[in-house]
Asks: 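Take a look at the following structure, please.
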Amino acid sequence: MGGIFDRLQDDLDARNNKKGLSPVDLLDMPPDLADLVNQIIRKNGMKLEDVANNLNQSQEEAKQALEKLVDKGYIRRVEVKKEVWYKAQFGRKADKVVSDNIWSKLDNIFKDEPE
Amino acid sequence: MSKIISIHSFRGGTGKSNTTANISAILAGQGLRVGVIDTDIQSPGIHVLFGFSEDEMKYSLNDYLWGKCNIEDAAYEVSRSLGGSISSSIYLIPSSIKAGEIARVLREGYDVGLLNDGFHELVEALDLDVLMIDTHPGLNEETLLSVAISDALAVIMRPDQQDYQGTSVTVEVARKLNVPRLVIVVNKTPLVYDFEQVKSQVEQLYSAEVAAVMPHSDEMMALASAGVFVLRYPDHEMTRLYRQIAQKLMS
């Protein structure tokens, strides 16, 4: 396969991101990869042909590249009106790591608050 | 084509929410349909400027993120109660101001993808021309997402050494995220400063356009978030500067 993803393969392999994408990931991705993922986020999904046009690659090459990102858990396939779109696969925002004691104290404070 | 604009600052107290509310009012005054979403989930506040009270808030952004409602169910038309010359609509999507709900978001987190979907669904469902995002200061996930999806970003800073340093971080991040349009707004500038010199220094320091150097304003301080400044003072110099910022963000 040609194109930018050959160069990014090592980086993708090094990332074992099964928990999904965080916006923070965009800051330390290689620029080409960050740019593609960012465009997919900004457009809230892209079709294969749009990605191929964007990367100036054939659809086959673009598909291989996208499938690698799917495997890594950064994006997912979504079917919209019988067409496949690629959308960002965000993870859940990390819970704050603080002592359970703090949360139980907050629960006690707020337990009488109306829904 | 609709536009997403984020208003951000590295530090708190720079006037983000005031800038967001005033620019929203100006754009709505130009006949644009404007959405304003408060992504400052940890310390929400922009609803106060729009005179929107907790009692009117059936659903909030928090409810959407917890799957309790659609994002448009948490949107409230606030322009009618503002007065002034607004010929179109402003829809506010507030964050919850209940302490327990803020604590729950902090504790449990939320699905960031849902927030991204929400931004796009809002634009479509409310047929918005502009979605304004009022962010939490500093860098966190919702802020980075807001910046990443924005067509334009205004970074607000005061002429203060701590702000200078923090702004450079924000500008660097915005460049990394390829935000198509980045402007800086210098706010709360003491009147004794040379405004042209401040503008030139800031532009040189960040290699970015300064959309306006806003003076410290006693009228703004006296208004104390009890309204939207440009609607109360349509002929004030600050209002002219807010129009200038709006124009630069939309250009």
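First the proteins, then the strands, lettered A, B, ... as listed; each starts at 1. All values reported here derive from a predicted model rather than from experimental measurement.
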Asks: Under 4.5 Å, counting heavy-atom pairs only, tell me which of B:I4, B:I149, B:V147, B:N140 racks up the most with chain A.
Replies: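 Heavy-atom pairs under 4.5 Å are most numerous for B:I149.
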Asks: Would you mind telling me which of B:L114, B:L115, B:D117, B:V173 has the largest number of heavy-atom pairs within less than 4.5 Å of chain A?
Replies: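 The answer is B:D117.
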Asks: Do B:Y206 side-chain atoms and B:T167 backbone N/O form a donor-acceptor pair below 3.5 Å?
Replies: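 No.
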Asks: Go through the atoms of B:S150 and report whether side chain, backbone, both or neither lie under 4.5 Å from a heavy atom of chain A.
Replies: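 Just its backbone gets close to chain A.
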Asks: Given 3.5 Å as the limit, does a donor-acceptor pair link the side chain of B:T143 with the main chain of B:L139, or not?
Replies: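 No; zero donor-acceptor contacts below 3.5 Å.
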Asks: Quick check on A:K87 against chain B: is it the side chain, the backbone, both or neither that has a heavy atom closer than 4.5 Å?
Replies: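 A:K87 touches chain B through side-chain heavy atoms alone.
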Asks: Any salt bridge between B:K98 and B:E54, counting N to O under 4.0 Å?
Replies: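 No, no charged N to carboxylate O under 4.0 Å.
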Asks: Do B:Y76 and B:F52 have their ring centres less than 6.0 Å from each other?
Replies: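 B:Y76 vs B:F52: aromatic centres under 6.0 Å.
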